Amino acid sequence: MTAISLLISLLIPFLTGYLLVSLFWPEKEPLILILLKSFLAVGAGFGVCSSLFFVWSLVFNPSNKGFILLEITLLTSLTVVYLYQWRRRSGLKPAVKKVSKLRISWVLTAGFWLCFFSAAGIFVLLTLNNPHGSWDTWAIWNMRARFIFRGGGYWKETFSPLITWSHPDYPLLLPGVISQTWRWIGAEVRIVPVLIAGLFTLAVGGLLVSSLSLLRSKAQGVLAGIVLLGTPFFVRHGASQYADVPLAFFILATFVLLFFQSRAVKKRGLLLVLAGLMAGFSAWTKNEGLLFLVSFVIAFWAVVLAGRGPKFFLKQFFSLMLGVLPILIIIIYFRAKVVPSIETVLPQDTQTVYEKLLDFSRYLQVLKAFGRQVLNFGDGIVGIVPLLGGYFFLSGAKIDVKDKISLVISLITLGLILSGLFIFYVITPEDLHWLLSTSLDRLLLQLWPSALFIYFMIVSPIKR
Amino acid sequence: MKKGEKVGIALLVLFALLSNFQLLYKASKFDFQFINIDEYENRFENLKKALPSRGVVGYMTDREPVEISQDVIALAAYYLIQYSLTPLIVVNSLEHNLIIGNFFETEVNGKILEDKGLILVKDFDNGVMLIKRQNK
């Protein structure tokens with residue numbers, strides 16, 4: 001019975017996500033596009049259900065079983081609209097017609113599946129090592145999920161200033177999804193956070209491979225998949241049940257949708273609505289997602305306005321914000337009303353911040369840490385970044401003219417995020433050495449799948 | 001495809017696989033486990049029955065949960081109590097009527113409690129105690 005409830009509880013958000021994605025992206029072929037939409041559906045479904053669950057909990061409480069009815073109603077409504085749309089079948093036609101028919105070499109095929117199964121093995125073994133996840137999982141994410149599930153009408157006590165060490169200001173996408181799934185099952189089943197972590201990890205890999213297969217070539221997609229799944233730090237963090245991999249998913253999904261929008265024949269901006277939604281969900285996953293959201297909107301604003309003029313910009317920006325706004329309103333309400341006065345960052349006065357900004361040694365310390373992390377990133381037998389640098393040197397670059405604007409937006413976004421993180425470290429009130437050594441690798445991990453996506457959108461595609 | 005490109009692809013595949021196999025081997029030795037949380041949570045099963053289902057309780061230990069860099073085990077022990085007893089709020093303080101004692105040494109000198117104006121309510125035998133403040 002629990003297994004069936006578990007299956008249904010995960011299937012409902014997935015189907016909701018798939019139908020939602022399909023409403024904005026009605027194309028039904030080729031097969032790999034269906035796969036891509038399925039991977040997008042994982043995050044979209046969890047994001048929508050988690051946001052709705054938060055609003056429901058505010059109005060009623062998390063224990064109220066009416067939420068299940070709401071989810072079923074939403075799914076039914078989306079199905080009706082989807083079926084209606086199926087008959088009309090008018091919609092976007094992104095440039096995914098020319099899927100490469102070239103067979104990919106056996107080295108890539110074998111390499112990919114070996115990487116996939118070894119990554120799956122690592123995930124399972126690490127989960128058996130630590131079924132409750134790692135430190136932040138039980139100190140923050142799953143503790144908050146337990147609180148929401150067990151707390152009933154008193155669930156808001158999880159944001160108590162008495163336990164500021166648990167970061168009550170952290171957004172609720174992940175705890176919301178977990179506690180809502182438990183509500184479906186009616187019990188605190190331990191495998192739920194593990195499955196959610198597994199689905200997000202799989203979806204990041206799947207999204208990277210399928211999007212590059214469509215936008216570049218199958219071989220390019222598969223090679224990117226090998227590099228991502230062959231990054232032990234990524235798989236390890238997937239298994240840790242932290243929120244970094246879900247955040248990485250939403251950042252990647254935003255970029256992927258941006259590129260598909262630029263390839264779309266009809267520029268109606270529907271995929272931008274989805275991109276905006278994904279960017280919004282990133283900010284509902286972790287506070288760093290807010291930095292991404294702001295950076296992305298600024299980059300989009302600057303590049304599209306400068307490159308395509310104000311009329312085109314306004315249309316596109318409207319679509320983007322249509323996706324962002326519902327989630328942004330939820331986040332603003334959460335920050336303003338639910339966790340209004342909680343200080344989880346050590347206070348410091350303006351004078352101290354100013355002194356730190358003028359302290360050159362802090363810049364040097366942060367710069368060195370960034371350099372070390374980039375060179376050794378991934379926990380592999382060698383640093384993967386220098387290796388990718390070498391591959392770029394051998395293969396060269398080839399950029400599709402249709403991708404130029406998306407590429408510039410993506411690169412500026414990443415640049416703004418990295419600059420934001422850099423300044424954050426320079427002025428942090430925490431011990432700088434400790435903070436750099438415990439967080440920088442995870443912050444870079446959040447950007448890693450997107451960095452790989454952008455890299456393989458630039459590097460010359462593999463012909464055969 | 002250029003020869004150099006082929007070499008590049010082969011190297012990327014090789015390093016990805018070797019990196020994964022290395023972690024797979026380490027994970028198979030099960031030395032990633034920081035603490036057995038199931039066992040740890042079981043320690044508090046009887047204590048849970050004696051506690052209110054919600055509210056705020058204090059926390060006392062023989063290893064203070066201070067900075068993570070100073071005593072990672074003590075800090076984990078405290079955070080894990082919160083994880084286990086949620087939705088009860090466990091505060092690292094003696095300024096509450098009910099206090100959870102979580103001791104690494106199972107034999108606790110009663111004088112320690114007395115000196116702090118505390119009374120033992122129940123000893124659960126495994127380093128876990130329920131303590132309350134003496135009424136003044």
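Letters A, B, ... are given to chains in the order of the sequence lines, protein chains preceding strands, and every chain is numbered from 1. These numbers were taken from a predicted model, which means no experiment stands behind them.
- B:L85 touches chain A through its backbone: at least one of N, CA, C or O sits under 4.5 Å from a heavy atom, while the side chain does not.
- Note that OG of A:S118 is 9.0 Å distant from CG of B:L23, once rounded to the nearest 0.5 Å.
- Nearest heavy-atom pair, B:E5 versus A:I462, reported as atom, atom and distance to 0.1 Å: OE2-CA, 4.3 Å.
- With salt bridges taken as basic N to acidic carboxylate O contacts below 4.0 Å, none links A:R190 and B:E41.
- Top candidate by heavy-atom pairs under 4.5 Å with chain B, chosen from A:L394, A:I148, A:I381, is A:I381.
- For a residue to count as touching a neighbouring chain, one of its non-hydrogen atoms must lie under 4.5 Å from one of that chain's; by this rule B:V13 touches chain A with backbone and side chain alike.
- In this structure, chain A has a heavy atom under 4.5 Å from the backbone of B:V90, while its side chain stays farther away.
- Neither the backbone nor the side chain of A:T158 comes within contact range of chain B; no heavy atoms are under 4.5 Å apart.
- At a 4.5 Å heavy-atom cutoff, the contact between A:Y391 and chain B is made by side-chain atoms alone.
- Looking at A:I226, the atoms closer than 4.5 Å to chain B (heavy atoms on both sides) sit in the backbone and in the side chain alike.
- Options B:S93, B:S53, B:S84 differ in how many heavy-atom pairs under 4.5 Å they form with chain A, and the most are formed by B:S84.
- Atom CZ of B:F15 sits about 9.0 Å away from atom CD1 of A:I384, to the nearest 0.5 Å.
- Of the listed residues B:L80, B:N20, B:L17, B:V56, the one with more heavy-atom pairs under 4.5 angstrom with chain A than any other is B:N20.
- Other residues, nucleotides and ligands place more than 12 heavy atoms under 6.0 Å from the NZ atom of B:K48.
- Distance alone, capped at 3.5 Å, places no donor-acceptor pair between the B:R54 side chain and the A:G151 backbone.
- Partners of B:T86 under the side chain to side chain donor-acceptor pair (under 3.5 Å) rule, at least two apart in sequence or in another chain, are B:Q82.
- Distance CH2/A:W138 to CD1/B:I35: 7.0 Å, rounded to 0.5 Å.
- With a threshold of 4.5 angstrom between heavy atoms, B:F21 approaches chain A through side-chain atoms but not through N, CA, C or O.
- For B:L18, the parts sitting under 4.5 Å from any heavy atom of chain A are the backbone and the side chain alike.
- Proximity to chain B involves both the backbone and the side chain of A:L114, based on heavy atoms less than 4.5 angstrom apart.
- Between B:P87 and A:R150 the shortest heavy-atom distance is CD-CB, 3.8 Å.
- Residue pairs meeting the salt bridge (Lys or Arg N to Asp or Glu O under 4.0 Å) criterion with at least one partner in residues 112-141 of chain A, sequence neighbours excluded, are A:D136-A:R442.
- In this model, a donor atom of one side chain and an acceptor atom of the other lie less than 3.5 Å apart for A:W165 and B:Y78.
- Between the OG atom of B:S19 and the CD1 atom of A:I122 there is a distance of 9.0 Å, given to the nearest 0.5 Å.
- In this structure, the portions of A:N142 lying under 4.5 Å from any heavy atom of chain B include both its backbone and its side chain.
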